[in-house]
Amino acid sequence: MNNYKKKSNPISDNREYSQRGPRKFSKSDKFKSKEGFSGSDNKSSSQSGGKTGYFSKPFRKDNPTFGKKLDSNEKPRLRHREKSKESQEKRILSNEPVRLNKALADSGVASRRKADELITQGAVKVNGKVVTTLGVKVQADDFITVYGNPIPKIDKKIYFLLNKPKDIIVSTEDEKDRKTVMDIIKTNFRIFPVGRLDRNTTGALILTNDGELAHRLLHPSYQIPRTYIALLDKELKQTDADLISKGVPLEDGITSPCEVVIHPVNPRKVILTLFEGRNHEVKRIFMHLGYNVRQLDRKVFAGISVQRLERGEYRLLSKKEVNLLKKMVNIDF
Ligand code: URA
């Protein structure tokens, strides 16, 4: 069953991902959170149902699980498109030659048999030359078109927004084998988190394979805003809020000026917008003034808010959001 909640802003020019929306972290997964996730894990929905490349029907007959009843303990085998993507990724990384029909199948254009038909019909060009001979081998850096359209490549940039739950490590791997954010986001892309959130901090986290954008978003010179709601062990005094907003001396230097708002109804709650990203910064700022942070939730990172995502859910950023991020750090788009 597909547990996606489809959101209105998938990346519109990427049909492969256009069916994706937020995904719930599974209750049935190894990880058990106090935060009450719902739904079951969905390992294959990224490719489900949507138009895939040049043909509008999903490749059901190529799917080994199609028409078979799965034992509840049996792990569903990968769908054709997922296998293809893995295989394409490997091929691109190794740049080893593969048969043209396989390259076409891996990119999701057609099954190998259909690809052979396209080749013999003269629809396929490699580096600008029509290839009609079956069995020709190509490499990842060859430029392949079908009816003049370049076949999709996997070296695309991708951007996720996760509403991070508690007790999840923000890292690509964990030496103690604890759950990381990479266990939540199912993708073949080699993404990594943009910055850190502590294990018990929740909220907005961007993950991407765009190293340049990530690097700039974290660089202090761009003054990227991060808005947190902190729940303290006691009420924050206005005099302390004023000190924080001007900058407080920590062991790694004085913090940058920031915005501090004490919640009008609950003065233990503070809305804090920082413009730099030091390790454990919020906790250290409050600790410096004798407060303990009991809960910390990042509502917004670089103008991207998690307000429509439940904990453990994630979604792709829209093209508009990605462009806004790039604009903030002077990257052309
Ligand atoms: N500041 C902290 O103290 N912890 C976080 O996770 C993020 C900012």
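Both counts, for ligands and for their atoms, begin at 1 and track the order of listing.
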Does Gly122 offer a backbone N or O that forms a donor-acceptor pair with the side chain of Lys125 under 3.5 Å? no
Tell me if a side-chain donor or acceptor on Arg216 pairs with a main-chain N or O of Asn330 at a distance below 3.5 Å. yes
Using a strict cut-off of 4.0 Å, indicate which atoms of ligand 1 neighbour a heavy atom of Thr201. 4 (N), 5 (C), 6 (O)
Which residue, Glu276, Arg278, Glu281, forms the side-chain hydrogen bond (donor to acceptor under 3.5 Å, both in side chains) with Ser256? Glu276
Check: of His280, Lys164, Arg226, Arg278, min heavy-atom distance to atom 3 (O) of ligand 1 comes from His280
Distance, nearest 0.5 Å, that separates CD of Glu251 from CZ of Arg284: 4.5 Å
Given Leu104, which partner from the list Ile119, Val138, Val98 fulfils the side chain to side chain contact (heavy atoms under 4.5 Å, CB included) test? Ile119
For atom 1 (N) of ligand 1, what's the nearest protein heavy atom and its distance? Val282 N, 3.1 Å
Please state which protein non-hydrogen atom is closest to atom 8 (C) of ligand 1 and give its distance, to 0.1 Å? Tyr228 OH, 3.4 Å
Would you say [X] has any N or O atom under 3.5 Å from an N or O of ligand 1, going by distance alone?
{"X": "Asp198", "value": "yes"}
{"X": "Leu296", "value": "no"}
{"X": "Arg284", "value": "no"}
{"X": "Arg196", "value": "no"}

